[in-house]
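For reference, the structure discussed in these notes is given below.
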Amino acid sequence: MSLLKVESLSKSFASGGMWSGVRRVTHAVNNVSFEVAKGETLAIVGESGSGKSTTARLVMRLIEADQGRISLLGEDVSGLKGKALRKKRRHMQMVFQDPFASLNPRMKIVDSVGEGLRVHAPELNGSQRRQKVTDILAQCGMDESVLERYPHQFSGGQRQRIGIARALAVSPELLVLDEPVSALDVSVQAQILNLLGELQKEHQLAYLFISHDLSVVRHVADRVAVMFAGFIVEQGTVQEVYKHPQHPYTRELLEARPVSHPSKRHAEGVEIVRSDEGVAESGCAFRLRCPFAQADCAGFDARLSDGEHKVACLHPL
Amino acid sequence: MLKIEHLSLAVPSADGDKPAVSDVSLSLAPGHVLGLVGESGCGKTLTAQAVLRLGESQGIVRTSGKVLLDDADVFAMAEPELRKVRGGRISMIFQEPMTALNPVFSIGAQLTEVIRLHLDLDKNAAAARAVKLLADVGLRDGAELLRQYPDSLSGGMRQRVLIAMAMAADPDYIIADEPTTALDVSVQKRIIDLLRRLQEKRGMGMLLVTHDFGLVAELCDEVAVMYAGHVVERGPVADIFDYPAHPYTRALMHCRPDASGKDKKLPAIPGQVPQPGKWPAGCRFAARCPLADAACKAAVAEDAWSKGRHLARCVHVEKVSEALEAFV
């Protein structure tokens, strides 16, 4: 049984209409399915607007899905509300890109990190809770001196440690991490990635790791799902997808990464600006940008193939 | 030549000016690309902006040193002369394509304004040049685009428009401050290719400010690495990649996530960059450096030639080279 199972999740947003009378519907997440097992990291990669963050929010039930099913530990949580939903949140917690935005600036760290415990472990008294918070912070590399301080007194990396500690306080099985290291400098990014690795091993945590950075994903993930325009276009183990990308979009992403050494600079290619961000309304969403597109792509239903390495493409590489 | 000589800058704060850049010397020849690399708070943007004296309105002061454009000191220039240099001989591309364009003016109005500021052209000629500039940066249908407003353009297209603007007066030098940081990878790649093509075709000198060694590998001929207000290492790009001589440069290169896989620990650098005003005496990297000893805390090393034939501000340059050789 997988820890998290997401089936055919869809969400669209309507925009415009207030003045112009023209309402546009954006299909942010389209028929997305995946599973995350205990102790495993599934990364979702994609560019801005691909629907990866919306997927994270849907999983956390921060926004409501139009369609689809989310199961946590074998139980359908998509319909839960109020108290029942809060109870389930003990099992899944979220870490945001900007931990400063997710920490109450007027609350001391000890209270921010311990907030979840008040709800999920009401049996603890004040000093027990404080002890637990101290332990969690220590695991995240922060000592006792931070307890009485406020979020603005910390650097980005320290805040992210606090954000992770806050999520871990209620002993969840799953962390949903939305671009957790994107705002950090590389040296600090490495510290946080190492911390996430240690915590995962120690607590058998599962991660749903949202990122636009293919190098980071390669380092942290077991499996990866590539999203484009709300669709998962490819899914498989990191080794398979990075070595043998089957979807033209995945290959474009991988080839777009900057080189690691000046001697590997790409030979000058002919630049064709088809469009920086063209998305087809029907058929394969990528076909306007795809160098391998053929006539039948317009009628493709974007269905993922079966198997361990899945791809949604009529003409896979 | 564009030269920065022993430049020191201070930023204003509640308790007086704090030194933020110290004793930076760099030089950029036409047709070359110089990368200024480092983490946030190391002073690379301040240094780049000082070339055009852009920090002055925020109270940033030059405490010593010079910026020389063909032997004329930019800091000695009177306002009209400086205005000609800005956008004329030296132009700038900023990080945020979303905020660098004014949302209430059309692309055409903003682009032709820059063109007519620097070139003696009438409205129609300026519009024609604008269309040509847009074509140069890979945007078709320029005439149509001129009538549009920034909010109808994607991030990649806005950055192209800003690059077109920077090219308006055929500058000799361009300063690009994190020009692709806010963009998606595939768009980033196209902008990198575009910048390289324009730079080569026009023989411009480019100062590229970035935190990303990948971008340095893609674009630069030479690199200067900054840490806590100092240039700690500089030299030809291949040399820096093959023989990083300063422990900070080495650490920065190695802590990037790579293909080593999930269970490998990244060689992270402990701690963080000290803030301006909180710099220690001696080597500023010493607190985070695995090679640091008493000698490091005593004095800031003068630039020393390392084995890699380039400059590094480290008293243990020899040790780093040996350690690296052992490592390789």
Side-chain angles (χ1 to χ4, degrees), chain A residues 41 45-50 141 155-158 181 183-195 197-198 200-201 212-222 238-239 242 249 252-266 268-269 271-273 275-278 289, chain B residues 38-41 137-140 153-157 160 180 183-190 192-194 196-197 200 211-221 237-238 240-242 248 251-252 254-273 275 288:
Chain A
T41 302
V45 284
E47 306 192 348
S48 48
S50 62
S155 68
Q158 291 171 320
V181 297
L184 306 173
D185 274 316
V186 278
S187 70
V188 179
Q189 173 179 299
Q191 296 170 11
I192 298 296
L193 291 177
N194 285 342
L195 173 66
E198 286 161 21
Q200 179 165 50
K201 257 187 237 151
H212 72 282
D213 188 326
L214 288 136
S215 305
V216 168
V217 165
R218 180 167 197 166
H219 186 78
V220 301
D222 299 296
V238 167
Q239 289 82 356
Y242 277 66
Y249 176 65
E252 181 186 302
L253 275 184
L254 289 169
E255 284 180 354
R257 283 181 301 169
V259 295
S260 56
H261 191 281
S263 62
K264 293 185 194 153
R265 275 179 204 177
H266 300 290
E268 186 80 25
E271 193 206 27
I272 316 146
V273 184
S275 157
D276 275 339
E277 279 153 43
R289 274 166 63 175
Chain B
E39 297 179 273
S40 43
V137 297
L139 293 170
R140 293 171 302 184
L153 271 53
S154 69
M157 286 170 86
R160 284 176 196 270
T180 62
L183 304 173
D184 284 320
V185 274
S186 57
V187 182
Q188 169 177 330
K189 170 80 172 92
R190 286 182 224 138
I192 291 171
D193 289 345
L194 171 66
R196 185 194 294 127
R197 236 167 356 125
E200 279 174 0
H211 66 280
D212 184 349
F213 267 108
L215 230 61
V216 173
E218 288 276 1
L219 280 172
C220 297
D221 302 308
V237 66
I240 301 273
F241 273 83
D242 292 336
Y248 177 63
L252 204 54
H254 284 134
C255 71
R256 289 184 301 161
D258 56 12
S260 57
K262 198 183 157 183
D263 296 322
K264 275 276 185 57
K265 268 190 103 159
L266 291 168
I269 312 174
Q272 64 214 27
V273 183
Q275 295 296 304
R288 304 173 75 188

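Note that these values count all heavy atoms, side chains included, but never hydrogens, waters or copies made by symmetry. Convention: sequence-line order gives letters A, B, ...; per-chain numbering from 1.
- Of all the listed residues (Gly141(A), Ser263(A), Ala190(A), Pro262(A)), the one sharing the greatest number of non-hydrogen pairs under 4.5 Å with chain B is Pro262(A).
- Atom CD of Gln275(B) is surrounded by 12 or fewer heavy atoms from other residues, nucleotides or ligands within 6.0 Å.
- Glu252(A) and Arg190(B) are joined by a salt bridge, as a carboxylate oxygen and a charged side-chain nitrogen come within less than 4.0 angstrom of each other.
- Heavy atoms of Gln191(A) lying under 4.5 Å from chain B belong to its backbone as well as its side chain.
- Counting heavy atoms from C-beta on, the side chains of Arg257(A) and Ser215(A) come closer than 4.5 Å.
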- [ ] Could you check Arg197(B) against Asp193(B) for salt bridge (charged side-chain N to carboxylate O under 4.0 Å, His left out), going step by step and ending with a plain yes or no?
- [x] CA-CA 6 Å; Arg197(B) 236 167 356 125; Asp193(B) 289 345; over 6 Å; no
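- At least one side-chain heavy atom of Glu47(A) sits under 4.5 Å from a side-chain heavy atom of Leu253(A).
- Ranking Thr41(A), Val188(A), Asp222(A) against chain B, the residue ahead of the rest is Asp222(A), based on heavy-atom pairs under 4.5 Å.
- Side chains of Gln188(B) and Asp212(B) form a contact here, defined as non-hydrogen atoms less than 4.5 Å apart.
- Interface summary for chain A: among Ala238(B), Cys220(B), Ala251(B), Pro267(B), the most heavy-atom pairs under 4.5 angstrom belong to Cys220(B).
- Interface remark: Val216(B) contributes backbone atoms only to the contact with chain A (heavy atom separation under 4.5 Å).
- With a 4.5 Å cut-off on non-hydrogen atoms, Gln200(A) touches chain B through its side chain but not through its backbone.
- When each of His211(B), Gln272(B), Arg256(B) is checked for heavy-atom pairs under 4.5 Å with chain A, Gln272(B) comes out on top.
- For Leu219(B), the part lying near chain A is the backbone, with the side chain staying farther off; criterion is any non-hydrogen pair under 4.5 Å.
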